[in-house]
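The structure appears below as structure tokens.
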Amino acid sequence: MAREFTSVGVVGLGTMGAGIVEVFARNGLDVMAVEISEAALDRGRATLTGSTDRAVAKGKLAEADRDALLSRVNFQVGLDALHAVDLVVEAVPEHLDLKQRIFAELDRVCKPEAILATNTSSLSVTEISVATARPHQVIGIHFFNPAPVMKLVEVVRTVVTSAEVVADVEALCARLGKVDVTISDRAGFIANALLFGYLNHAVSMFESRYTTREDIDAAMKLGCGLPMGPLALMDLIGLDTAYEILDTMYRRGGRDRRHAPVPLIKQMVTAGLLGRKSGRGFYTYERPGSPVVVPDEQTPLATESAPADASPAAGTKVGVVGSGTMATGIIEVFAKAGYEVVSVTRGAEKSAKVFEAVRTSLNKGVVRGKLSEADREAALGRITWSASLDHLADVDLVVEAVVEELSVKKALFASLDEICKPGVVLATTTSSLPVIDVAMATQRPADVVGLHFFNPAPIMPLVEVVRTIRTSPETTATAGAVCAAIGKTGVVCGDRSGFIVNALLFPYLNDAVKMLEANYSTADDIDHAMKLGCGYPMGPFELLDVVGLDVALAIQRELYLELREPGFAPAPLLEHLVTAGYLGRKTGRGFRDHTRR
Ligand SMILES: NC(=O)c1ccc[n+]([C@@H]2O[C@H](COP(=O)([O-])OP(=O)(O)OC[C@H]3O[C@@H](n4cnc5c(N)ncnc54)[C@H](O)[C@@H]3O)[C@@H](O)[C@H]2O)c1
């Protein structure tokens, strides 16, 4: 029989502690909420009432339930108030010496059978536990931010945590409506070990002005379906907390340079820009603690963003070269948006195939009620089919989507240079080749840009607009306006391997493979952790099986070769699976066996 907890304590009522109090009190537990000063106590109380009031306003919590919830919480200054509780969760700042001091004090104050838990994200639970005379009753209970919302809890057992304590805490998590994964004591556990390299990399992209904060966040939200972009997430976590987590993971996790905090983070912490809690971080908020972003000096001016009515001028012609999945999707997107499209393939047979594919896709839109039959016919009527590049002589824009081979693309761009009229924007959809190589195959590199669409193009809302060091501002602006005209969000970035999305996504996937390879956790638990702890639409292994392990390996190799970052070296397990022909769903087997499901 698992132990019944009736009263619990929470130490520290900041970003996490206040949310943890709410989770306990919502589930019928009496909570002793402890802070260091009256002022801090008031802030914690305000966070709790603010959050529960919002839940009432949204109809998620009845007023009577809120009142009952609040009546279960007792606020006190000082740890002495915790003498009678069955379990304590500590959520003070991420400093080992502070946590050790608090645990020594808790050991003195709390009753002998009480369980002492830490919400640390990156520190060693073992090192915290040895500050007490009861390390077998010390455990990690790692909640995710915001604690009342995120379903995951990582339960961290040290080599000395007793099995009963682990079982009691697992049962408690179930009572709180949480899904737990129980793991051993390693820096960053599952979720943060996979998350923080990505967050730090996103900050370095921002620091080096590779792209803007808005574009980084939009890219990850729209390109990967994440609930928030990395910089908005850093603001939610708190930059001081994020700094400490990165710093500890760097020191404990084998000095992986990707965890060495980007200098900008420390500068922002020193300047008091801590994120939402201080009202300013990467973004500016209405007031401290508010989730509402307000414009500041970095907010793009309305004139820089796309006009509201961005439909193409009548008769604007775009050429699309290629006959694969991407070309087919792109032809559909432009034709639907009102462009005249000239499709160029390598022959009538290919054109017929593309025509069928576009028609089938448009038909689906009709069946789903998203497109009228007349609109479908109009879109199809706007497409001309050709097997000769000469038909691109009078187009206003060319989008190339042929095979991902540099020699082929270069030859094509050299031909386009001869055929197309001057001033036309020439775009490549390459996802891994340097755009500048393609641009230099022409005599007009200023007019060449990358337009990186995502698959399936008719559905995915993001396009990365890749400008090389030779792309003119006019070309970039035109490319951005084209994205708006086809109903996509264009994010502008430099010409580096992986652009924004793949450069941030694939190292994270590769890290997940390394974690599996190290037997730290299972594919199921890692997938769970990222979905339930971070709100990802798919876990890394689910996603790898969909993307294709060969594709992931190729992208990861490119990133490694270009950036020479040791941490980007492809995971040996990924290479072995590819060699074995386990490429994911397309071959029936990848990380999972899809033939049995
Ligand atoms: N922020 C996140 O997204 C997140 C997520 C999961 C876990 N964590 C972990 O949770 C812990 C707390 O982080 P946070 O972001 O909530 O920090 P925070 O800075 O928002 O809050 C810390 C609180 O602890 C209080 N405090 C400091 N010393 C104290 C003492 N001696 N006694 C009582 N209270 C004291 C502070 O007044 C403050 O209110 C850290 O270990 C962090 O790594 C954070």
Side-chain angles (χ1 to χ4, degrees), residues 9-23 32-48 51 75-82 88-106 109 117-125 127-128 131 140-150 152-156 178 187-193 195-196 199 227-228 230 232-249 252 265 269 272 274-279 281 288-289 291 529 532-535:
V10 175
V11 184
L13 307 177
T15 307
M16 289 310 291
I20 296 169
V21 168
E22 183 177 335
V23 172
M32 183 62 72
V34 168
E35 257 291 353
I36 196 167
S37 65
E38 287 294 342
L41 211 51
D42 288 344
R43 275 199 303 276
R45 197 185 279 119
T47 308
L48 179 65
S51 168
F75 292 91
Q76 294 290 336
V77 171
L79 300 179
D80 285 338
L82 298 167
V88 179
V89 177
E90 162 279 311
V92 304
E94 191 78 342
H95 298 292
L96 182 61
D97 50 350
L98 172 64
K99 292 196 191 261
Q100 284 183 325
R101 252 190 292 127
I102 289 193
F103 271 71
E105 188 65 10
L106 288 172
V109 168
T118 173
N119 185 49
T120 183
S121 309
S122 58
L123 295 168
S124 160
V125 180
E127 281 182 58
I128 295 171
I141 305 185
H142 184 230
F143 288 87
F144 286 78
N145 189 2
V149 180
M150 301 314 285
L152 185 76
V153 173
E154 288 173 325
V155 173
V156 186
K178 301 290 184 193
F189 315 128
I190 298 177
N192 285 348
L195 185 68
F196 271 83
L199 293 179
M228 60 198 320
L233 180 55
M234 287 287 286
D235 276 359
L236 175 70
I237 291 168
L239 270 75
D240 49 346
T241 301
Y243 176 85
E244 294 302 332
I245 293 173
L246 280 166
D247 190 50
T248 319
M249 292 211 334
R252 281 186 71 204
I265 303 175
V269 172
L274 305 183
R276 273 193 203 182
K277 61 183 161 191
S278 70
L532 302 178
C534 304

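In each ligand, atom 1 is the first atom listed, and ligand 1 is the first ligand listed.
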Check against side chain to side chain contact (heavy atoms under 4.5 Å, CB included), Val125 and Phe189
CA-CA 11 Å; Val125 180; Phe189 315 128; 4.2 Å; yes

Of all heavy-atom pairs between [X] and [Y], which one has the smallest distance, and what is that distance?
{"X": "His142", "Y": "Ser121", "result": "NE2-OG, 3.4 Å"}
{"X": "Leu13", "Y": "Glu35", "result": "N-OE2, 2.7 Å"}
{"X": "Ile20", "Y": "Ala91", "result": "CD1-CB, 4.4 Å"}
{"X": "Gly272", "Y": "Ser278", "result": "O-OG, 3.2 Å"}

A side-chain contact here means heavy atoms from C-beta on lying under 4.5 Å apart; do [X] and [Y] qualify?
{"X": "Thr241", "Y": "Met16", "result": "no"}
{"X": "Leu98", "Y": "Pro93", "result": "yes"}
{"X": "Phe103", "Y": "Thr118", "result": "yes"}

Distance under 4.0 Å to a non-hydrogen atom of [X]: what atoms of ligand 1 satisfy this?
{"X": "Lys277", "answer": "18 (P), 19 (O), 20 (O)"}
{"X": "Ser121", "answer": "6 (C), 7 (C), 8 (N), 9 (C), 42 (C), 43 (O), 44 (C)"}
{"X": "Asn145", "answer": "1 (N), 2 (C), 3 (O)"}
{"X": "His142", "answer": "6 (C), 7 (C)"}

Among protein heavy atoms, which sits nearest to [atom], and what does the distance come to when rounded to 0.1 Å?
{"atom": "atom 1 (N) of ligand 1", "result": "Ile237 O, 2.9 Å"}
{"atom": "atom 34 (N) of ligand 1", "result": "Glu35 OE1, 3.3 Å"}
{"atom": "atom 4 (C) of ligand 1", "result": "Met16 CG, 3.2 Å"}
{"atom": "atom 28 (N) of ligand 1", "result": "Ile36 CD1, 3.8 Å"}
{"atom": "atom 17 (O) of ligand 1", "result": "Thr241 OG1, 3.8 Å"}

Mind checking whether [X] has an N or O less than 3.5 Å away from an N or O of ligand 1?
{"X": "Glu90", "answer": "no"}
{"X": "Glu94", "answer": "yes"}
{"X": "Asn119", "answer": "yes"}
{"X": "Phe144", "answer": "no"}
{"X": "Ile102", "answer": "no"}
{"X": "Lys99", "answer": "yes"}

Heavy atoms only: which of Val11, Ile141, Val92 is nearest to atom 35 (C) of ligand 1?
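Shortest heavy-atom distance from atom 35 (C) of ligand 1: Val92.
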
Residue selection (non-hydrogen contact nearest atom 24 (O) of ligand 1) among Pro93, Gly14, Ala242, Gly238:
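Considering heavy atoms of Pro93, Gly14, Ala242, Gly238, the nearest to atom 24 (O) of ligand 1 sits in Pro93.
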
Could you work out, with salt bridge (Lys or Arg N to Asp or Glu O under 4.0 Å) as the rule, every residue matching Asp235, not counting sequence neighbours?
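Asp235 satisfies salt bridge (Lys or Arg N to Asp or Glu O under 4.0 Å) with no residue once adjacent residues are dropped.
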
Would you mind listing every salt bridge (charged side-chain N to carboxylate O under 4.0 Å, His left out) that reaches into residues 90-103, with sequence neighbours excluded?
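Listed once each, the pairs are Glu90-Lys99, Glu94-Lys99.
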
So, the side chain of Asn192 versus the backbone of Ser122: is there a donor-acceptor pair under 3.5 Å, distance only?
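Pair absent, no side-chain N/O of Asn192 close to backbone of Ser122.
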
